[in-house]
Amino acid sequence: MNPISSLVFVLLLTVFPTQIFCQNLIAQACGYTSYKPLCLSTLQSDPEATSAKDLLTIAKVALKHAGTKAQAVNAEVKKQQGSATDEGLKQALSDCAENYGDAIDQIQSSTTALGSKKYNDVNTWVSAAMNDADSCNQSFEDQSVKSPITSSSTTFSQLCSNVLAITNHL
């Protein structure tokens with residue numbers, strides 16, 4: 001490294017140490033995941049993650065986003081239920097509302113477990129929430145109807161996968 005580059009690097013470290021450290025922490029955490037772009041965009045947009053000092057905080061933020069997405073999918077399902085006319089679609093949406101209600105509860109249990117540093121419990125609850133999303137998706141297949149929530153449900157499962165990957169490194 002030439003002297004000017006070294007000086008610039010040192011200046012950056014002294015002026016922006018927290019930002020550089022946090023971005024490196026986010027990059028490290030997301031490097032463990034299968035859905036790195038989603039992980040990076042989720043965590044880099046969250047002030048709590050960008051100021052995190054440890055991987056546990058990053059995991060909490062990732063879990064928070066999975067919970068928010070579960071709630072959003074559940075709201076989307078309930079909205080779709082109100083306008084559905086096809087009986088098969090109504091049944092699939094009803095099943096999904098139940099599945100995502102359970103997923104929300106399981107993410108809340110995961111949050112409690114993470115706060116207690118019971119990482120195996122976090123993995124169990126997050127995996128169960130992912131299974132609920134899969135069950136929701138299966139409901140549409142069972143009823144031979146097109147799912148109106150495929151994209152949202154996929155994102156929820158990917159967020160959960162990211163949580164599992166990060167938590168496995170705590």
Side-chain angles (χ1 to χ4, degrees), residues 22 26 29-30 32-52 54-86 88-143 145-170:
C22 293
I26 290 171
C30 292
Y32 302 138
T33 69
S34 296
Y35 305 101
K36 186 175 180 176
L38 176 63
C39 180
L40 288 169
S41 67
T42 301
L43 295 177
Q44 289 174 338
S45 67
D46 189 294
E48 188 179 358
T50 58
S51 64
D54 56 37
L55 201 55
L56 178 59
T57 302
I58 296 290
K60 287 178 182 177
V61 173
L63 186 56
K64 173 184 75 173
H65 283 278
T68 299
K69 189 62 176 181
Q71 291 171 346
V73 174
N74 196 37
E76 192 177 339
V77 165
K78 289 180 178 180
K79 180 180 175 187
Q80 293 283 336
Q81 273 184 296
S83 62
T85 55
D86 179 85
L89 181 59
K90 282 183 183 179
Q91 182 59 53
L93 289 167
S94 175
D95 292 345
C96 281
E98 185 177 329
N99 291 133
Y100 271 95
D102 290 344
I104 290 167
D105 292 342
Q106 290 154 348
I107 294 295
Q108 289 170 344
S109 295
S110 298
T111 302
T112 301
L114 189 58
S116 301
K117 298 184 179 181
K118 296 180 178 177
Y119 305 129
N120 287 335
D121 291 351
V122 173
N123 290 342
T124 298
W125 289 116
V126 172
S127 295
M130 291 174 75
N131 285 336
D132 281 320
D134 289 342
S135 294
C136 170
N137 295 336
Q138 186 62 48
S139 295
F140 292 104
E141 291 179 29
D142 292 348
Q143 295 295 328
V145 294
K146 186 178 183 308
S147 170
I149 60 161
T150 300
S151 177
S152 295
S153 189
T154 298
T155 300
F156 170 70
S157 292
Q158 291 173 347
L159 287 167
C160 287
S161 174
N162 288 347
V163 169
L164 292 174
I166 295 167
T167 304
N168 283 331
H169 286 86
L170 291 175

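Model, not experiment: these values are computed from the prediction. Just so it is clear, the values below take in all heavy atoms, side chains as well, and ignore hydrogens, waters and symmetry mates. Residue numbers start at 1 and run along the sequence shown.
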Task: From CG (L43) to OG1 (T57), nearest 0.5 Å - done: 11.5 Å
Open item on the list: Could you check whether any side-chain N or O of T167 sits under 3.5 Å from a backbone N or O of L164, counting only pairs where one atom can act as donor and the other as acceptor?
Closed with: no
Open item on the list: Would the distance check show the side chain of S161 and the main-chain N or O of S157 forming a donor-acceptor pair, the cut-off being under 3.5 Å?
Closed with: no
- [ ] Indicate yes or no: at least one non-hydrogen side-chain atom of C39 is less than 4.5 angstrom from one of Y32.
- [x] no
TODO: Sorted by first residue and then second, give each salt bridge (charged side-chain N to carboxylate O under 4.0 Å, His left out) pair with at least one member in residues 62-74; sequence neighbours left out.
DONE: D46-K64, E48-K64
Open item on the list: Test of understanding: with disulfide (SG to SG under 2.5 Å), list the residues that count as partners of C96, not counting sequence neighbours.
Closed with: C136
- [ ] Taking all heavy atoms of P148 and all of L89, pick out the closest pair and write down the distance.
- [x] CD-CD1, 4.2 Å
TODO: Report yes or no: does S153 contribute a side-chain atom to a donor-acceptor pair with the main-chain N or O of I149 at less than 3.5 Å?
DONE: no
- [ ] Please report the closest heavy-atom contact between I166 and A62, naming both atoms and the distance.
- [x] CD1-CB, 4.1 Å
TODO: Could you pull out all residues at least two apart from Y119 that satisfy ring-ring contact (aromatic ring centres under 6.0 Å, His included)?
DONE: none
TODO: Just jot down the side-chain contact (heavy atoms from CB on, under 4.5 Å) partners of D142, sequence neighbours excluded, or say none.
DONE: Q138
TODO: Can you run down the salt bridge (charged side-chain N to carboxylate O under 4.0 Å, His left out) pairs that involve residues 89-100, sequence neighbours left out, and say none if there aren't any?
DONE: E87-K90
Open item on the list: Looking at every non-hydrogen atom in both residues, tell me the closest pair between L93 and A84 and how far apart they are.
Closed with: CD1-CB, 3.9 Å
Open item on the list: Nearest 0.5 Å, please: how far is CG in L159 from CG in N162?
Closed with: 6.5 Å
TODO: First locate atom CG of D121, then atom CG of L114, and finally report the distance between them rounded to the nearest 0.5 Å.
DONE: 11.0 Å
Open item on the list: Distance check, rounded to the nearest 0.5 Å: W125 atom CH2 versus N120 atom CG?
Closed with: 13.5 Å
Open item on the list: Within this structure, what is the CD-CD distance for the pair Q91 and Q81, rounded to the nearest 0.5 Å?
Closed with: 9.5 Å
Task: Side chain proximity check, K117 to L56, heavy atoms < 4.5 angstrom - done: yes
TODO: List the atom of A29, the atom of L55, and the distance in Å for their closest heavy-atom pair.
DONE: CB-CD1, 3.5 Å
Open item on the list: Can you tell me how far apart CG (N123) and SG (C160) are? Round to the nearest 0.5 Å.
Closed with: 11.0 Å
Task: Nearest heavy-atom neighbours spanning F156 and A129 - done: CE2-O, 3.7 Å
- [ ] Only counting residues at least two apart or in another chain, list the ones meeting side-chain contact (heavy atoms from CB on, under 4.5 Å) with A92.
- [x] S139, F140, Q143, V145
Task: Over all atoms of both residues, closest heavy-atom pair of A49 and I26 - done: O-CD1, 3.8 Å
Task: Side chain N74, main chain A70, donor-acceptor under 3.5 Å - done: no
